[in-house]
Amino acid sequence: MGPSSTLTTVLAAVLLVPLVSSTYSSANFFDEFDLTWGDHRGKIFNGGNILSLSMDKASGSGFRSKKEYLFGRIDMQLKLVAGNSAGTVTAYYLSSEGATHDEIDFEFLGNETGKPYVLHTNVFAQGKGNREQRFYLWFDPTKNFHTYSIVWRPQHIIFLVDNLPIRVFKNAEKLGVPFPTSQPMRIYSSLWNADDWATRGGLVKTDWSNAPFTAYYRGFKAAACSVSSGCDLEFNTSFGDGAVQVAEELNAYGRMRLRWVQKYFMIYDYCSDLERFPNGFPPECNKSRV
Ligand SMILES: *[C@@H]1O[C@H](CO)[C@@H](O)[C@H](O)[C@H]1NC(C)=O
Ligand SMILES: *[C@@H]1O[C@H](CO)[C@@H](O)[C@H](O)[C@H]1NC(C)=O
Ligand SMILES: *[C@@H]1O[C@H](CO)[C@@H](O)[C@H](O)[C@H]1NC(C)=O
């Protein structure tokens, strides 16, 4: 490499740094997360680009974001436990602290080899959850990384998988339904044993001969407001790629995709569980009003 190309490289680096740091790029796990549980079972490697959690018979593992967020869009790519993952749960969620905490959940319930994972979602506000929707996925989530996103705005929470909206939970405070609007949340994830309930309601137990079980994370991006550093510029611009105008409602394409996912892949919706709500559904379930 000659001097002029060295100069070009240096100039390019100097000129590009501000651009790169202001675009919506993946962050480094060392900078953004702490491994909080499971000793050596959680790892950050590849220069901070990949994180893995694993579980053996003695313990699972988990991590937590250093920052606390109050609204934003948070993307993470996950590759779930492969093979016979029955009994394992990979939880990935936002949560505040305390008895009246708020929480926005993705939970991935493992299964026997070749049988479908279940993606369980829930929203807690003021300590109260009970707003489950469950889905099958339209791909094998153990073969490749897929992006799971939470869009959390004062007017709604949108869950996305590979940028397709799978669930919208609207702010129905006007109907007296609490909504997370004031408690900052951290990002958490953990891989743990839940074979008392996870797979076919607890019928299929974890097969420890397959341990350790491992899930992988990469491509973390947050366009958010954090308590420590304020709002990212990206938070205010709509950077959805056609499926979602993040600043606004779902657009027509987003609504169409949402209907597709809910029609073909949703396997449980609390808003249509008559056994559970024989005397009428919670007010946020009234689609014509909310
Ligand atoms: C596991 O597979 C069974 C049988 O196909 C299915 O009923 C169940 O929903 C799947 N997922 C879980 C988490 O039990
Ligand atoms: C984002 O929008 C909010 C209110 O809509 C405003 O207060 C804030 O200054 C904006 N931030 C940026 C970085 O544009
Ligand atoms: C649902 O909303 C409609 C339109 O506002 C209203 O007429 C209806 O009474 C509501 N139903 C329930 C169960 O609240």
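Predicted model, so just to flag it, every value in this text is computed and none were measured. As the structure lists them, so they are numbered: ligands from 1, and atoms in each ligand from 1.
Residues passing the salt bridge (charged side-chain N to carboxylate O under 4.0 Å, His left out) test with D56, sequence neighbours excluded: R41. Residues satisfying the side chain to side chain donor-acceptor pair (under 3.5 Å) criterion with E68, sequence neighbours excluded, are absent altogether. Residues that satisfy the side chain to side chain donor-acceptor pair (under 3.5 Å) test with K66, not counting sequence neighbours, are D34.
Residue-environment remark: CZ (R276) exceeds the threshold of 12 foreign heavy atoms within 6.0 Å.
Protein residues with a heavy atom under 4.0 Å from ligand 1 are L109, G110, N111, K115, P116, V118, Y136, A198, T199, R200.
Closest approach of Y92 and I187 over heavy atoms only: CE1-CG2, 3.6 Å.
Checked against the 6.0 Å centroid criterion, the rings of Y188 and Y93 qualify as a close aromatic pair.
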